[in-house]
Peer 1: 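Below is a structure I'd like to ask you about.
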Amino acid sequence: MSARAAIPDPIQAGLARGWKVIDGATLAEDRTLAADVVIVGSGAGSGVTAEILALSGLSVIVVEEGGLHSSRDFRMREAEAYPALYQESAARRTRDKGITILQGRTVGGSTTVNWTSSFRTPPETLLFWQRRYGLADYTDGGLDPWFALMEARLRIGAWEAAPNENNDVLQRGAGKLGIPTGRIRRNVHGCWNLGYCGMGCPTNAKQSMLVTTIPAALEHGATLVTRARGERLLLRGDSVDALDCTLLDAGGIKPTGHRLRLRARHFVLAGGAINTPALLLRSKAPDPSAMLGKRTFLHPTLISAAFFPERVEGWAGAPQTVYSDHFLHTQAIDAALGYKLETPPLHPLLLATTMAGFGREHGALMRRFPQLQGMLALLRDGFHPASQGGSVALDGAGNAVLDYPLDATMRDGALRALLTMAEIQFAAGADAVRPAHELAPRYATWSAARQGIKDLMQQDGALHAVKFASAHVMGGCMMSGVAGAGVTGQDGRYHGLNNLSVHDGSLFPTSIGANPQLSIYAIVARLASGLAQALTGRPAARPQAA
Amino acid sequence: MHMETSRRSLLKTGVLGALVLAAGGGVYRFTHPPVPQGFVLDGAARAVLVAVVPALVDGMLPDEQGARSRAIAATVDGVNTAILGLPLALQKEVQDLFGLLALAPARRWLAGVPQDWNKADADEIGAWLQRWRRHRIGLLRDAYQALRDLVLGSWYGNPANWAAIGYPGPIAELA
């Protein structure tokens with residue numbers, strides 16, 4: 001028996017026990033289903049909501065556009081994983097193609113493919129929300145029990161193994177320059193330290209929604225529908241009457257021609273910060289604040305590759321274990337954009353497409369793959385007055401398009417971030433550095449990089465030639481505690497419709513300034529508990545620690 | 001650079017607009033919204049891909065003619081598979097791109113490749129790709145990026161090409 005066959009697959013076991021799972025691709029006729037609550041999406045916000053509502057005795061339907069893929073399918077191959085598990089095969093882009101967006105499209109959403117980094121919402125972000133957006137409920141103290149609850153539920157804790165070399169470069173280089181770093185907590189249990197989190201965890205160590213809250217909800221009678229895309233909410237007066245879904249074929253691309261109609265007392269949108277606003281726009285939902293789809297944030301991320309004399313093997317080991325928040329604190333939160341430093345895992349397909357150029361020059365970089373190290377700088381957007389983020393709109397066919405103009409705050413932030421990363425990489429012993437930038441050469445010394453990156457970023461079009469990436473989509477249905485000011489209220493209720501809530505990252509009025517999964521888990525745990533109480537008249541059930 | 005150039009504004013401008021209009025059939029694809037049907041790798045698209053693969057992965061292909069042809073064919077197949085995994089609207093955009101490149105006037109005047117795709121040499125193709133990479137028209141830069149990402153993605157996603165870059169692949173016990 002191979003090691004793979006010896007790993008229990010909790011999804012296959014649950015299906016064998018009779019979980020109510022409907023693969024929309026297989027429905028041969030139109031269907032209507034009803035429940036107390038319909039939840040659109042199956043990622044961080046959905047999983048937490050589904051578990052709490054189902055434990056509280058409510059009937060729940062979770063509807064997901066992607067397929068149900070589980071550990072036996074996760075073969076750690078990019079060419080299979082990206083089309084199967086990501087929105088637009090991991091090549092979703094902003095309207096002008098300036099930023100590549102990594103977002104999950106599978107049961108578990110982005111939690112199935114994220115890199116397990118777990119940070120509480122930074123206190124300065126919450127303070128900004130309280131002061132600027134009147135979110136009085138969003139205090140450190142108020143959220144603390146919800147963070148503790150979800151940390152216990154998802155086994156979030158310190159990662160005791162040594163960082164891999166890719167992360168150690170960040171720790172070592174920053175240390176030489178006197179820049180403090182910290183260790184990243186992770187939502188894993190029994191992790192094999194393989195490094196393939198982004199292609200779905202093959203050992204079920206990652207405590208994603210796929211193996212935690214969604215199975216718990218299904219055990220408590222919830223229904224999961226896959227390959228069903230929420231097309232539009234059918235509105236009657238100021239209520240949502242039903243959700244109309246397009247069923248997709250087994251490949252997940254083409255409509256089968258059959259439709260699914262879902263009826264419920266209450267609807268929760270949790271399809272992520274691009275798809276949730278888009279569904280509301282397609283539904284022509286009321287938008288009294290005129291902010292629907294606006295203020296969408298991405299943590300636009302700069303990437304710097306470094307060549308080392310010794311092997312780095314950036315594909316091996318827990319992908320993100322070291323970070324630095326130093327440059328988030330070198331100026332006021334609403335001044336020039338701060339940035340968080342982390343590292344990406346390196347795998348051939350994503351590396352090859354992220355680094356610019358082609359032919360022999362590109363091939364020479366790829367031939368040094370084992371000695372390559374990667375670093376990330378995540379710009380904290382949405383705090384500087386000029387940092388308004390992007391806006392979600394619809395194309396002629398009703399598909400979501402995110403327009404995210406690259407502005408002057410980003411030019412300045414990109415310049416500082418690229419310089420910081422190069423300096424750290426050289427300090428750690430790199431023999432060359434190359435930013436992910438269409439016009440950037442390879443720099444052989446820190447002094448060459450310092451001058452070269454400055455000159456580069458002054459060129460016309462240099463900002464648009466940065467190969468920005470984002471794995472953190474936030475905003476578009478911003479909460480506000482100020483009457484009339486937000487798309488949603490502090491309780492996640494949608495303004496203008498009386499039986500609709502938003503429970504995902506689109507609630508955030510700014511970016512988080514840290515990887516957002518734990519912010520979504522904790523905030524949504526509170527919102528879902530409030531919703532369960534409102535719908536049942538009893539205190540909500542609490543998910544148990546794992 | 002001007003990233004804002006949309007397909008519509010591009011059509012209104014200068015030589016490319018005239019070219020596409022003159023090309024007759026091509027105009028249909030540029031003025032009609034995408035219809036929900038999938039990408040088809042026709043002979044013309046295959047000819048373009050067979051021509052661009054050696055330029056994009058120059059230095060990585062085997063020297064021996066048979067192995068080289070098989071590696072190119074496998075890469076083209078990988079590109080086809082990748083396109084079929086994209087949303088239909090994107091599949092249509094890619095179909096449009098290959099449709100445009102298949103037109104001799106577009107190949108000659110827009111890409112600057114004088115010979116048929118199956119006769120063009122790698123230097124001509126490389127020079128064209130470098131022009132589009134830095135072109136002032138955003139749509140042409142996007143076209144370069146799309147071709148590049150598809151081909152490099154197919155090449156480096158293929159386990160057959162991992163040994164050359166020193167990548168052992170995922171652990172065999174779980175693969």
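In what follows, every chain begins at residue 1, and chains take the letters A, B, ... in the order their sequences are listed. All values reported here derive from a predicted model rather than from experimental measurement.
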Peer 1: Side chain from CB out, backbone as N, CA, C, O: work out which of these in Arg368(A) comes under 4.5 Å of a heavy atom of chain B, or both, or neither.
Peer 2: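 When you check distances to chain B, no heavy atom of Arg368(A) falls under 4.5 Å.
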
Peer 1: Taking C-beta and beyond as the side chain, do Leu88(B) and Pro255(A) meet within less than 4.5 Å on heavy atoms?
Peer 2: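 Side-chain contact under 4.5 Å: yes.
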
Peer 1: Work out which heavy atom in Gly85(B) is nearest to a heavy atom in Ile253(A); give both atom names and the distance.
Peer 2: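 Nearest heavy atoms, Gly85(B) then Ile253(A): O-CD1, 3.4 Å.
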
Peer 1: Closest approach of Gly157(B) and Ala79(A), non-hydrogen atoms and distance?
Peer 2: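 Smallest interatomic distance, heavy atoms only, reads O-CB, 3.9 Å.
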
Peer 1: Run the salt-bridge test on Asp149(B) and Arg93(A) with the 4.0 Å N-O cut-off and return the result as yes or no.
Peer 2: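 Looking at Asp149(B) and Arg93(A), the cut-off is met.
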
Peer 1: For the CD1 atom of Ile7(A) and the CD atom of Glu173(B), what is their distance to the nearest 0.5 Å?
Peer 2: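 Answer for the CD1-CD pair, Ile7(A) versus Glu173(B), is 10.5 Å.
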
Peer 1: What I'd like to find out is whether the side chain of His347(A) reaches to under 4.5 Å of the side chain of Tyr167(B), using heavy atoms alone.
Peer 2: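 SC-SC contact between His347(A) and Tyr167(B) confirmed.
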
Peer 1: Which answer fits Ala356(A), side chain, backbone, both or neither, if we ask what part of it has an atom under 4.5 Å from a heavy atom of chain B?
Peer 2: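 Contact with chain B is through both the backbone and side chain of Ala356(A).
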
Peer 1: Tell me which of these, Met76(A), Arg360(A), Glu78(A), has more heavy-atom pairs under 4.5 Å with chain B than the rest.
Peer 2: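 The residue among Met76(A), Arg360(A), Glu78(A) with the greatest pair count is Arg360(A).
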
Peer 1: For the residue pair Ala89(B) and Asn399(A), what are the closest heavy atoms and their distance?
Peer 2: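 Shortest heavy-atom contact: CB-ND2, 4.1 Å.
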
Peer 1: Could you tell me which portion of Leu86(B) (side chain, backbone, both or neither) has an atom closer than 4.5 angstrom to a non-hydrogen atom of chain A?
Peer 2: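 For Leu86(B), the contact with chain A is made by backbone and side chain together.
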
Peer 1: Please classify the contact of Leu84(B) with chain A as side chain, backbone, both or neither, using a heavy-atom distance under 4.5 Å.
Peer 2: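 The backbone, not the side chain.
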
Peer 1: Let me know if Leu194(A) has heavy atoms under 4.5 Å from chain B in its side chain, its backbone, both or neither.
Peer 2: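 Leu194(A) touches chain B through side-chain heavy atoms alone.
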
Peer 1: Tell me, for Trp162(B) versus chain A, whether the close heavy atoms (under 4.5 Å) come from the side chain, the backbone, both or neither.
Peer 2: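 Side chain only.
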
Peer 1: Which residue out of Gly363(A), Ala91(A), Gly396(A), Gly357(A) racks up the most heavy-atom pairs below 4.5 Å with chain B?
Peer 2: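 Most heavy-atom pairs within the cutoff with chain B belong to Gly357(A).
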
Peer 1: For a 4.5 angstrom cut-off between non-hydrogen side-chain atoms, does Met366(A) reach Leu152(B)?
Peer 2: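 Not in contact.
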
Peer 1: Highest number of heavy-atom pairs under 4.5 Å with chain B: which of Pro405(A), Gly252(A), Ser89(A), Ala84(A)?
Peer 2: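 Heavy-atom pair counts peak at Ser89(A).
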
Peer 1: Can you say whether Thr203(A) sits under 4.5 Å from chain B via the side chain, the backbone, both, or neither, judging by heavy atoms?
Peer 2: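 The side chain, not the backbone.
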
Peer 1: Do Glu438(A) and Tyr144(B) have side-chain heavy atoms sitting under 4.5 Å apart?
Peer 2: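 Counting from C-beta outward, Glu438(A) and Tyr144(B) do come under 4.5 Å.
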
Peer 1: If you take all heavy atoms of Pro170(B) and Arg77(A), which pair is closest and at what distance?
Peer 2: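 Where Pro170(B) meets Arg77(A) most closely, the heavy atoms are CG-NH1, 4.3 Å.
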
Peer 1: Taking the side chain as every heavy atom from C-beta outward, state whether His362(A) and Val57(B) have any atom pair closer than 4.5 Å.
Peer 2: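 Side-chain contact under 4.5 Å: no.
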
Peer 1: Measuring heavy-atom distances to chain A, does Gln130(B) have an atom under 4.5 Å in its side chain, in its backbone, in both, or in neither?
Peer 2: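 Both the backbone and the side chain of Gln130(B) come within 4.5 Å of chain A.
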
Peer 1: Could you tell me if the side chain of Leu174(B) sits less than 4.5 Å from the side chain of Trp192(A), heavy atoms only?
Peer 2: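 Yes, side chains in contact.
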
Peer 1: Measure across Ala164(B) and Arg367(A) and return the closest heavy-atom pair with its distance rounded to 0.1 Å.
Peer 2: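 The pair with the smallest heavy-atom distance is O-NH1, 3.5 Å.
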
Peer 1: Out of the candidates Leu129(B), Val52(B), Leu147(B), only one should pair with Phe358(A) under the side chain to side chain contact (heavy atoms under 4.5 Å, CB included) rule; please name it.
Peer 2: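 Filter result, single survivor: Leu129(B).
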
Peer 1: Give, for atom OG1 of Thr353(A) and atom CD of Gln145(B), the distance between the pair rounded to the nearest 0.5 Å.
Peer 2: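 It is 10.0 Å, given to the nearest 0.5 Å.
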
Peer 1: Can you name the nearest heavy-atom pair linking Pro370(A) to Gly166(B), along with the distance?
Peer 2: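 Where Pro370(A) meets Gly166(B) most closely, the heavy atoms are CG-O, 3.6 Å.
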
